[in-house]
4 protein chains.
Amino acid sequence: MDSSSTRRQNTRRKLFAAAVTLIAEQGFSSTTVDEIAERAGVAKGTVYYNFASKTDLFEELLRHGMELLTGSLRAAAEEAAERGGGRSAALDAMIRAELDFVARHPSLAQLYVAELWRTNRAWQPTLTRVRQQAVEVIESALREAGAEGDPLAESDIPLTASAVFGMVLVAALDWRSFQPERSADDVHAALSRLLQGRLNGAVR
Amino acid sequence: MDSSSTRRQNTRRKLFAAAVTLIAEQGFSSTTVDEIAERAGVAKGTVYYNFASKTDLFEELLRHGMELLTGSLRAAAEEAAERGGGRSAALDAMIRAELDFVARHPSLAQLYVAELWRTNRAWQPTLTRVRQQAVEVIESALREAGAEGDPLAESDIPLTASAVFGMVLVAALDWRSFQPERSADDVHAALSRLLQGRLNGAVR
Amino acid sequence: MDSSSTRRQNTRRKLFAAAVTLIAEQGFSSTTVDEIAERAGVAKGTVYYNFASKTDLFEELLRHGMELLTGSLRAAAEEAAERGGGRSAALDAMIRAELDFVARHPSLAQLYVAELWRTNRAWQPTLTRVRQQAVEVIESALREAGAEGDPLAESDIPLTASAVFGMVLVAALDWRSFQPERSADDVHAALSRLLQGRLNGAVR
Amino acid sequence: MDSSSTRRQNTRRKLFAAAVTLIAEQGFSSTTVDEIAERAGVAKGTVYYNFASKTDLFEELLRHGMELLTGSLRAAAEEAAERGGGRSAALDAMIRAELDFVARHPSLAQLYVAELWRTNRAWQPTLTRVRQQAVEVIESALREAGAEGDPLAESDIPLTASAVFGMVLVAALDWRSFQPERSADDVHAALSRLLQGRLNGAVR
DNA sequence: AATGAATGAGGGTTCATTCAT
DNA sequence: GATGAATGAACCCTCATTCAT
């Protein structure tokens, strides 16, 4: 039936929502299935009717959330390309997209940094794959930006891309934790300047 | 009782060493006291003879490790100041120090990013304090660097400092996880170039 | 509503068939309603539409199965009486009937021995009653056989009957589990010889 | 230390004792670890400190218990041989030993018949092995008994042995469940007569 | 100073049963 | 007549902590 399938989808959505927040706050192991169920407003058994295990719920959640991230990075890059901003406009647009993403889904960002570099975790492959996708979007922006001026050495590109990606992520998390009163524009501008080389005023 | 005090210190050291690695790999909650004891080569009871609790062991460990980090950043800054490198030499030295730190203590770095932005954790204050100290060292480097050229707006300094700190951290973790074959010099150079404004070529 | 009543009967039959096999293999508690429903090719709710509970399904099943057993023993006895085989022909016919029964319904036999001597089980009375009926059929065969020669002491009869019944049951189960290649005739002959006193040769 | 090893052994013994009774009464799956621990007078965690799992506890228990059985059958056979009883004295002694065993450990006997012919259970191999050993003891008794008179066909021996073994087992269980007032001697005599061929008085 | 057996609260998971469709 | 999503009690097992040795 359609209605029952809809009902199920709805239950899953509620469980996802409950799980992200809790796991981001407390970590995967410290979050209990009881808590997730209670927060989602369903019985504990319902979690297991909808997901094979706690780990499975978490993995599906990660996959879903991380696709949102790469999706919005890609959208930002394309949009910038269409607008023909040239230069580093695409890079700038992606910084903004990443910033906005963290603002909208802080829990996912928190999860990402907490889990990405761990070894021996069931969902590590999923994360690595997502990281790869996100970083690739930035890499191409770097290549195109380089084409207009002094190009970066090819070997530097992956490292630089991941550094930029990580920097924005960390800066965004710091922003929300330690200076939540600043505006997104403000933070964006500062990061933008940093990456435009105004760092030490050496504009020469 | 010098010998016995030594013996105790030695046991504690073994427990510290066992705990960092395991917790970095698996997270705090997923690491059991049994595992720590086994890895350290002592009986389970011994852990409780030496530490009040699992949390306590972890907090002492964090405090110890984080002092190493701020210590080495400060040392790098001072050394650079003495050598009078000027301009961005101090900043460069700190990048290098942070990179080396992650290379030497990857587990601690991993722990740091996993726990820093979490709320409601016993050791969160410890981490925030450490972050504050580290960022301050970078802030003064930024101020001094700025004094030689176009200064950064004062309001940008904390944000930029934390962004730089975070960027290096993330880049270093990525380096160890995904491109371990690169040399520290190589990674250092790439980050340095990025921060020197070569990102999108001559901005003229 | 003949057609719908037929449909219902059919569903119940499918559920019975699925349940016997599974419960014989895994035991009552280890068999889940989900498994039974899946094996029967119906939805889980259907089980509860047709039976009050899992226990109820099992009891109806047992009752049904055990009536088959006593029925076939009785039929064998009667038939032998009609053919007037005399002596131990009736006993022999019953051995054969029991053997055939186990061959045709191994799951039921398995269930019987697994549950008969347990205490505190809901269906224990059912089983005891069946045992009583089966043993009685054999008892009368023994009495009649005895009438032709040296009679067994009356007090020995119930014990002997239950021993014979049990022996055949166990031998049949062993046959199916450990020597399935032997023919029913073969096994029958061996048991028959054993009960005819050829065990240790001529006792004379 | 010796004392702590003794303590552990003692705990294990208590757990074994608690588990046999409960599992024989209720079956493996229906018996909870809580019940076992409570009956043994220890905490639930203690069960898991001493055994890897509930299944493991059960398997060790089975192995232990079944070795007692084969041991006592073998002892009975040897003793009879020494006493030079000849004829079917050895077989008789083993019947008696089996009877006594069931009287002393009814729970084990109950477990045996309940589990032996099940498929797909973790401990099935253990049981089959034990069965094999027990039956072999009887087989050699049959061969020797046969040597003094009309020998059984070689192909009949395994089947006959398992039939005798099973018959005594079932008879003993019936005895304890349905006619507990009879003496062991009495039951033994009836079974003995049955196997000596007095069944239908055909002593000819 | 160290050990390891024992504990019991609490977590993940299963499953018979209910109920709205 | 049948379905399948949802439930929650109860189960197996884990693990930080205690304590007698």
J.: When you measure from the side chain of C:Tyr48, which nucleotide among F:dT7, E:dT18, E:dT13 comes out closest?
T.: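 Of the options given, the side chain of C:Tyr48 lies nearest E:dT18.
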J.: Whether the side chain of B:Thr31 engages the backbone of B:Leu22 through a donor-acceptor N/O pair (distance < 3.5 Å, no angle test) should be reported.
T.: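 Yes, B:Thr31 side chain to B:Leu22 backbone: donor-acceptor pair under 3.5 Å.
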J.: Distance check needed: E:dA2 C1' versus B:Arg12 CZ, whole Å only.
T.: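 After rounding, the gap between these two atoms is 15 Å.
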J.: Could you tell me how the ring of A:Trp123 sits relative to the ring of A:Phe58: parallel (under 30°), tilted (30 to 60°) or perpendicular (over 60°)?
T.: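 Perpendicular, since the angle between the ring planes exceeds 60°.
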J.: Distance check needed: F:dT7 P versus A:Asp34 CG, whole Å only.
T.: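 These atoms are roughly 13 Å apart.
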J.: Could you list by number each residue of residues 13-30 of chain C showing a heavy-atom separation from DNA chain E of less than 4.0 Å, or answer none if no residue does?
T.: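 Within residues 13-30 of chain C, no residue comes under 4.0 Å of DNA chain E.
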J.: Looking at B:Ser53, I'd like to know whether one of its side-chain N or O atoms comes within less than 4.0 Å of OP1 or OP2 on F:dA16.
T.: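 Result: no.
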J.: Could you tell me how far apart B:Phe58 (CZ) and F:dA16 (C1') are, to the nearest whole angstrom?
T.: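 So the CZ-C1' distance, B:Phe58 to F:dA16, works out to 16 Å.
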J.: Which pair of heavy atoms, one from C:Ile36 and one from C:Ala18, lies closest together, and at what distance?
T.: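 Closest heavy-atom pair between C:Ile36 and C:Ala18: O-CB, 3.7 Å.
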J.: Can you give me the closest heavy-atom contact between C:Ala114 and D:Gln110, atom names plus distance?
T.: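 Where C:Ala114 meets D:Gln110 most closely, the heavy atoms are O-NE2, 3.6 Å.
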J.: Work out which heavy atom in D:Asn50 is nearest to a heavy atom in D:Arg12; give both atom names and the distance.
T.: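 The pair with the smallest heavy-atom distance is O-NH1, 3.0 Å.
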J.: Side chain of C:Thr32, heavy atoms from C-beta onward: which of E:dC15, E:dA1, F:dA2 has the nearest atom to it?
T.: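 Selected nucleotide: E:dC15.
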J.: Which atoms form the tightest heavy-atom contact between B:Arg39 and B:Thr21, and what is the distance?
T.: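 Smallest heavy-atom distance, with atoms named: NH2-CG2, 3.1 Å.
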J.: If you check every side-chain atom of B:Val33, which of F:dA16, F:dA2, E:dA2 has the closest atom?
T.: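 So the side chain of B:Val33 is nearest to F:dA16.
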J.: Could you give me the stems involving DNA chain F, meaning stretches of three or more consecutive Watson-Crick or G-U wobble pairs whose two defining distances are both below 3.5 Å?
T.: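 DNA chain F forms these stems: E:2-21 with F:2-21.
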J.: Kindly indicate whether the side chain of C:Leu57, heavy atoms from C-beta on, has any atom under 4.5 Å from the side chain of C:Phe16.
T.: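 A side-chain contact under 4.5 Å exists here.
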J.: Expressed in angstrom and rounded to an integer, what is the separation of A:Leu57 atom CG from E:dG12 atom P?
T.: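 Between P of E:dG12 and CG of A:Leu57: 11 Å.
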J.: Would you indicate, yes or no, if E:dA2 has its OP1 or OP2 atom less than 4.0 angstrom from a side-chain nitrogen or oxygen of B:Thr11?
T.: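 Indeed, a polar side-chain atom of B:Thr11 lies that close.
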J.: In whole Å, what is the span from the CD atom of D:Gln9 to the C1' atom of E:dG4?
T.: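 One finds 15 Å between C1' of E:dG4 and CD of D:Gln9, rounded.
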J.: Counting side-chain heavy atoms from CB outward, which of F:dG1, E:dA2, F:dT17 is closest to C:Arg7?
T.: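 Selected nucleotide (nearest to the side chain): F:dG1.
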J.: Does A:Asn50 have a side-chain nitrogen or oxygen under 4.0 Å from the phosphate oxygens OP1 or OP2 of F:dA6?
T.: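 Yes, because at least one side-chain N or O of A:Asn50 sits under 4.0 Å from OP1 or OP2 of F:dA6.
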J.: Rounded to the Å, how far apart are B:Phe51 CZ and E:dA1 C1'?
T.: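 That distance rounds to 14 Å.
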J.: Closest approach to the side chain of C:Arg8, judged atom by atom: which nucleotide of F:dA2, F:dT3, F:dT7 is it?
T.: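 So the nucleotide nearest the side chain must be F:dA2.
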J.: Quick check: do A:Trp117 and B:Arg176 have side-chain heavy atoms less than 4.5 Å from each other?
T.: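 SC-SC contact between A:Trp117 and B:Arg176 ruled out.
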J.: If I take atom CG in residue C:Asn10 and atom P in nucleotide F:dA2, what distance separates them, rounded to the nearest angstrom?
T.: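 Result: 9 Å.
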J.: Please give, in whole Å, the distance from F:dC12 P to D:Glu35 CD?
T.: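 So the two atoms are 9 Å apart, to the nearest Å.
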J.: Kindly say whether B:Val47 contributes a backbone atom to a donor-acceptor pair with the side chain of B:Lys54 at under 3.5 angstrom?
T.: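 Pair absent, no side-chain N/O of B:Lys54 close to backbone of B:Val47.
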J.: Identify the heavy atoms of C:Leu173 and C:Ala109 that sit nearest to each other, and give their distance.
T.: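 Minimum heavy-atom contact is CD2-CB, 4.1 Å.
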J.: DNA chain F: A:Thr46 or D:Thr55, which has the more 5' nearest nucleotide?
T.: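 Result: A:Thr46.
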J.: Is C:Val42 touching bases, backbone alone, or none of the nucleic acid, heavy atoms closer than 4.0 Å?
T.: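 Answer is sugar-phosphate: C:Val42 comes under 4.0 Å of backbone atoms only.
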J.: Is the base of F:dT7 touched by the side chain of A:Lys44 through a donor-acceptor pair closer than 3.5 angstrom?
T.: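 Answer is no: no donor-acceptor pair is held.
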J.: Examine F:dC12: is either OP1 or OP2 under 4.0 Å from a nitrogen or oxygen in the side chain of D:Lys54? Give yes or no.
T.: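 Yes, such a contact exists.
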J.: Identify which nucleotide among E:dT7, E:dT13, F:dA2 has an atom closest to any side-chain atom of D:Tyr49, counting heavy atoms from C-beta outward.
T.: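 Of the candidates, E:dT7 comes closest.
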J.: Give me the atom names and distance for the closest heavy-atom approach of C:Glu25 to D:Arg118.
T.: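 Smallest interatomic distance, heavy atoms only, reads O-CD, 3.2 Å.
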